[in-house]
Amino acid sequence: MNPNKALHIGHARNLFIGDTLARMLRFTGHDLTVMNYIDDSGLQVADIIVGMKYAGFNEKPENDMKFDEYAGDKIYVKINELYETRKELVEKREYVLKQLEKKSEIRQYAKEITNKILKAQLETAKRLGAEYDLLVFESDIIFSDGWKEIFEKMKDENIIKLEKEGKLSGAWIIKTTFKNETDKVIIRSDGTSTYIAKDIVLAAWKIGIIDEIFNYEVFDSQNNKLLSSTLNKTDNKTKFTNNSKAITLIDARQSRLQKIIKEILNRFNENEDRTYEHLSYEIVSLSKGTAETLGIKTEDKKIIQMSGRKGMYINVDNTLNIIKNKVYEETKLRNSKENEDWIRNTAEIISVASFRYELLKNDLDKIIIFDLEDSLRLDGETGPYLLYTFARATSILEKAKDQPKIEFIEDIHRNLSLKHEIELIKNMSKIDLIIEESVINMSPMRIAKFTYNLCNLFNSFYEKSPVLREEDKDIMNARLHLVNSFRDSLEILFNLLGIEYLKRI
RNA sequence: AGGCCCGUAGCCUAGAUUGGAUUAAGGCGUCAGCUUGCGGAGCUGGAGAUCGGGAGUUCAAGUCUCUCCGGGCCUGCCA
């Protein structure tokens, strides 16, 4: 994440995929660290600092706006407009950029600001159901010794070389193997490192090609489970390097760069006992209608690509709040006797479920064209439908006088003999297989679709096979048992998808 | 120009590992129904697809190969 603006729905997709994958991996017994890479240096950070220090923007938002949103919408977007007319600010940006590359007062100041933005972003992430184990700062990579180590290694392997002539003279480069493509600059002629350089260090660190280069500390005293990288000496002896597998989740636009990184890493990983994998997913764009409601000029385009710098994006918190308003009304209508807190809490959970399912139900290689109207739907293949189904199943179990008894199911063929019952049972029995396949294929979508399908089958069962009104006690017991098992299955699946379940909605 | 990705009813999307019982599935929309029945955020049924075009491999192709067409992305001393 770039700690300079609020999370937009593109980040939300990344977050949902990553979080669901982490849940899937943990559920299947894998030991993993969920890391969030923080780009706390470079231009986008410099822009915020220039805004606050030299362009007269307040350090605090005037109203109770979240700090990440304030920094992004009120400063980052505006300062990029100001550069057009106020050239002295462009010079200031150059100055700030240089200061960020060394130990300086400005760097210290920037750290405070970016941490503040980061904390606001992590609040949003938590609201969406995602938590991280580790934050790694780009700035720590720049100042770490890891860079020198990997730099020497690459020099020895002839992966990089110092360009002596031509346009790239004075820069360290990686020769490209692609046609019509300039070589990749890894160290600029002024000695600073580029984005890919930092990514190589990070990747090498992940799978132990270089030794541990960071120390770790608790990032936020409110949450001592979340660690962050630091170059200061600390008491924490945890090491995060040397993983047998690293999965880097970045969108498809970075595929080429990731491929180069992987190729470089393979040169140092002769035994191939370590794997570095780029898990690619397509971007989220805005539908014409949604872009227009945000006041973005669409011209004759059908799909609008988001752009943080131009302010052309849709903020996660705001999106969730819009969904929540709709869900709130609907929930209130159906639960008129409940108190305000209950309704709000319920609406929040349903909204998150709705948002998560909406962004998880497509496969990773499909571009999502986000449409606000579509996301407000509560019926059909949606998160609310899943929760509704869960509530129905729960309701039956709560109203039942007796709990289902497995020992009473003597003749399952007689007691659960209807076509839709058998279909439901058959599909429920696939749960282990589906989870296993989803993990192997890194496919949260498969879990999402499976869950929906199961709910679909259950609702069909619900309609055709009355449970509590069934007169045959054996059949009733068998059906009750089926409902119970179904709800258990759903709990597992909801946990994987990051959907909280509710007894009533 | 080169590289990567996508193309399945009006729209959106599944169809994995391993080509095979699928009469190509689901959602939105549309048309017709279902409530003195465990929650109608639901269910049932209808209409709507020669799976972008073509060729090939095969007993068998939405799925594999080639080719063409359409769309997107990448190809920065930005990140």
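Letters A, B, ... mirror the listed sequences (proteins, then strands); counts begin at 1. Just so you know, these numbers come straight off a predicted model, no measurement behind them. Worth knowing before you read on, the calculation uses all heavy atoms, side chains too, and leaves out hydrogens, waters and symmetry mates.
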Interatomic distance at [atom1], [N] relative to [M], whole Å:
{"N": "rA16(B)", "M": "rC34(B)", "atom1": "C1'", "result": "37 Å"}
{"N": "rC38(B)", "M": "rU22(B)", "atom1": "P", "result": "35 Å"}
{"N": "rA61(B)", "M": "rA21(B)", "atom1": "P", "result": "12 Å"}
{"N": "rU30(B)", "M": "rA9(B)", "atom1": "C1'", "result": "12 Å"}
{"N": "rG20(B)", "M": "rU58(B)", "atom1": "C1'", "result": "12 Å"}
{"N": "rA60(B)", "M": "rG19(B)", "atom1": "P", "result": "15 Å"}
{"N": "rA24(B)", "M": "rC68(B)", "atom1": "P", "result": "31 Å"}
{"N": "rG54(B)", "M": "rC43(B)", "atom1": "P", "result": "38 Å"}

Just by distance, with hydrogens left out, do [X] and [Y] show a side-chain donor and acceptor under 3.5 Å apart?
{"X": "Thr290(A)", "Y": "Ser287(A)", "result": "yes"}
{"X": "Glu292(A)", "Y": "Thr298(A)", "result": "yes"}
{"X": "Ser460(A)", "Y": "Lys464(A)", "result": "yes"}
{"X": "Tyr276(A)", "Y": "Gln258(A)", "result": "yes"}
{"X": "Asn459(A)", "Y": "Arg392(A)", "result": "yes"}
{"X": "Ser465(A)", "Y": "Glu421(A)", "result": "yes"}

Contact string for nucleotides 22-38 of chain B, one letter per nucleotide 5' to 3', B = base within protein heavy-atom range under 4.0 Å, S = sugar-phosphate only, - = neither, reads ----SSS--------SB
In 5'-to-3' order, the base (B), backbone-only (S) or no-contact (-) status of each nucleotide in nucleotides 4-11 of chain B, using a 4.0 angstrom heavy-atom cut-off, is -SSS----
Assign [X] to base, sugar-phosphate, or nothing according to its heavy-atom contacts below 4.0 angstrom with the strands shown.
{"X": "Lys326(A)", "value": "nothing"}
{"X": "Ile186(A)", "value": "nothing"}
{"X": "Asp371(A)", "value": "nothing"}
{"X": "Ala391(A)", "value": "base"}

Pairs under 3.5 Å (Watson-Crick or G-U), crossing ones as [ ], inter-strand ones as |: RNA chain B comes out as (((((((..((((......[....)))).(((((.......))))).....(((((..]....))))))))))))....
Verdict with supporting geometry, Phe486(A) and Thr389(A), side-chain contact (heavy atoms from CB on, under 4.5 Å): CA-CA 10 Å; Phe486(A) 169 75; Thr389(A) 311; 3.9 Å; yes
Subject >> Within 45° cone of Phe137(A) ring axis and under 6.0 Å: Lys111(A) NZ or CZ >> reply: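 Relative to the ring axis of Phe137(A), which defines the angle, Lys111(A) lies inside both limits.
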Establish, yes or no, whether the cationic atom of Arg13(A) lies under 6.0 Å from the six-membered ring centre of Phe370(A) and within 45° of the ring axis.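 No, Arg13(A) and Phe370(A) do not form such a contact.
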message = Looking at rC43(B), I'd like to know if its phosphate oxygens (OP1 or OP2) sit under 4.0 Å from a side-chain N or O belonging to Tyr385(A).
response =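 Yes, because at least one side-chain N or O of Tyr385(A) sits under 4.0 Å from OP1 or OP2 of rC43(B).
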Discussion item. Any side-chain N or O of Ser285(A) below 4.0 angstrom from OP1/OP2 of rG72(B)?
Written reply: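 Checking Ser285(A) against rG72(B): no side-chain N or O falls below 4.0 Å of OP1 or OP2.
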- request: Map Ile369(A) and Asn459(A) onto RNA chain B by nearest heavy atom, then report which one ends up closer to the 5' terminus.
  value: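 Closer to the 5' end of RNA chain B: Ile369(A).
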Flag yes if more than 12 heavy atoms outside Glu398(A) fall under 6.0 Å of its CD atom; otherwise flag no.
->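 Count over threshold, so yes.
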Using a cut-off of 6.0 Å, state whether more than 12 heavy atoms not belonging to Gln254(A) lie near its atom CD.
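Yes - once you tally the heavy atoms of other residues, nucleotides and ligands closer than 6.0 Å, there are more than 12.
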Could you give the [atom1]-to-[atom2] distance, from [X] to [N], as a whole number of Å?
{"X": "Leu364(A)", "N": "rU13(B)", "atom1": "CG", "atom2": "P", "value": "14 Å"}
{"X": "Glu436(A)", "N": "rU18(B)", "atom1": "CD", "atom2": "C1'", "value": "15 Å"}
{"X": "Glu329(A)", "N": "rA41(B)", "atom1": "CD", "atom2": "P", "value": "16 Å"}
{"X": "Asp251(A)", "N": "rC73(B)", "atom1": "CG", "atom2": "P", "value": "12 Å"}
{"X": "Asn362(A)", "N": "rG72(B)", "atom1": "CG", "atom2": "C1'", "value": "16 Å"}
{"X": "Ile434(A)", "N": "rU17(B)", "atom1": "CD1", "atom2": "P", "value": "13 Å"}
{"X": "Ile250(A)", "N": "rC73(B)", "atom1": "CD1", "atom2": "P", "value": "19 Å"}
{"X": "Phe450(A)", "N": "rG15(B)", "atom1": "CZ", "atom2": "P", "value": "14 Å"}

Exercise. Going by the angle between their ring planes, with limits at 30° and 60°, are Tyr385(A) and Tyr452(A) parallel, tilted or perpendicular?
Worked result: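 Tilted, since the angle between the ring planes falls between 30° and 60°.
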inquiry  = Which label fits Trp205(A) and Phe214(A): parallel for a plane angle under 30°, tilted from 30 to 60°, or perpendicular past 60°?
reply    =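 Geometry flag for Phe214(A) against Trp205(A): perpendicular rings.
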- request: Quick one: which residue pairs count as a side chain to side chain donor-acceptor pair (under 3.5 Å) with a foot in residues 352-364 of chain A, not counting sequence neighbours?
  value: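 Residue pairs with at least one partner in residues 352-364 of chain A: Asp19(A)-Arg356(A), Thr20(A)-Arg356(A), Tyr357(A)-Glu381(A).
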Could I get a table of every N or O pair under 3.5 Å where one atom is in the protein and the other is in nucleotides 76-79 of chain B?
| residue | atom | partner | partner atom | Å |
| --- | --- | --- | --- | --- |
| rG76(B) | OP2 | Thr182(A) | OG1 | 2.5 |
| rC77(B) | O3' | Arg188(A) | NE | 3.2 |
| rC77(B) | O2 | Ser189(A) | N | 3.3 |
| rC77(B) | O2 | Ser189(A) | OG | 3.3 |
| rC77(B) | N3 | Ser189(A) | OG | 2.7 |
| rC77(B) | N4 | Lys167(A) | O | 3.1 |
| rC77(B) | N4 | Ser169(A) | O | 3.2 |
| rC78(B) | OP2 | Arg188(A) | NE | 3.2 |
| rC78(B) | O3' | Arg188(A) | NH2 | 3.4 |
| rA79(B) | OP1 | Arg188(A) | NH2 | 2.4 |
| rA79(B) | OP2 | Arg188(A) | NH2 | 3.0 |
| rA79(B) | OP2 | Tyr195(A) | N | 3.3 |
| rA79(B) | O3' | Glu138(A) | OE2 | 3.2 |

### Message
Please evaluate residues Arg377(A) and Asp379(A) with respect to the criterion salt bridge (charged side-chain N to carboxylate O under 4.0 Å, His left out), reporting the C-alpha separation (whole Å), side-chain torsions for both, the decisive distance (0.1 Å), and the verdict.
### Response
CA-CA 6 Å; Arg377(A) 271 184 31 240; Asp379(A) 58 349; 3.7 Å; yes
| For Ile422(A), side-chain contact (heavy atoms from CB on, under 4.5 Å) partners two or more places apart |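 side-chain contact (heavy atoms from CB on, under 4.5 Å) list for Ile422(A), sorted by chain: Lys426(A).
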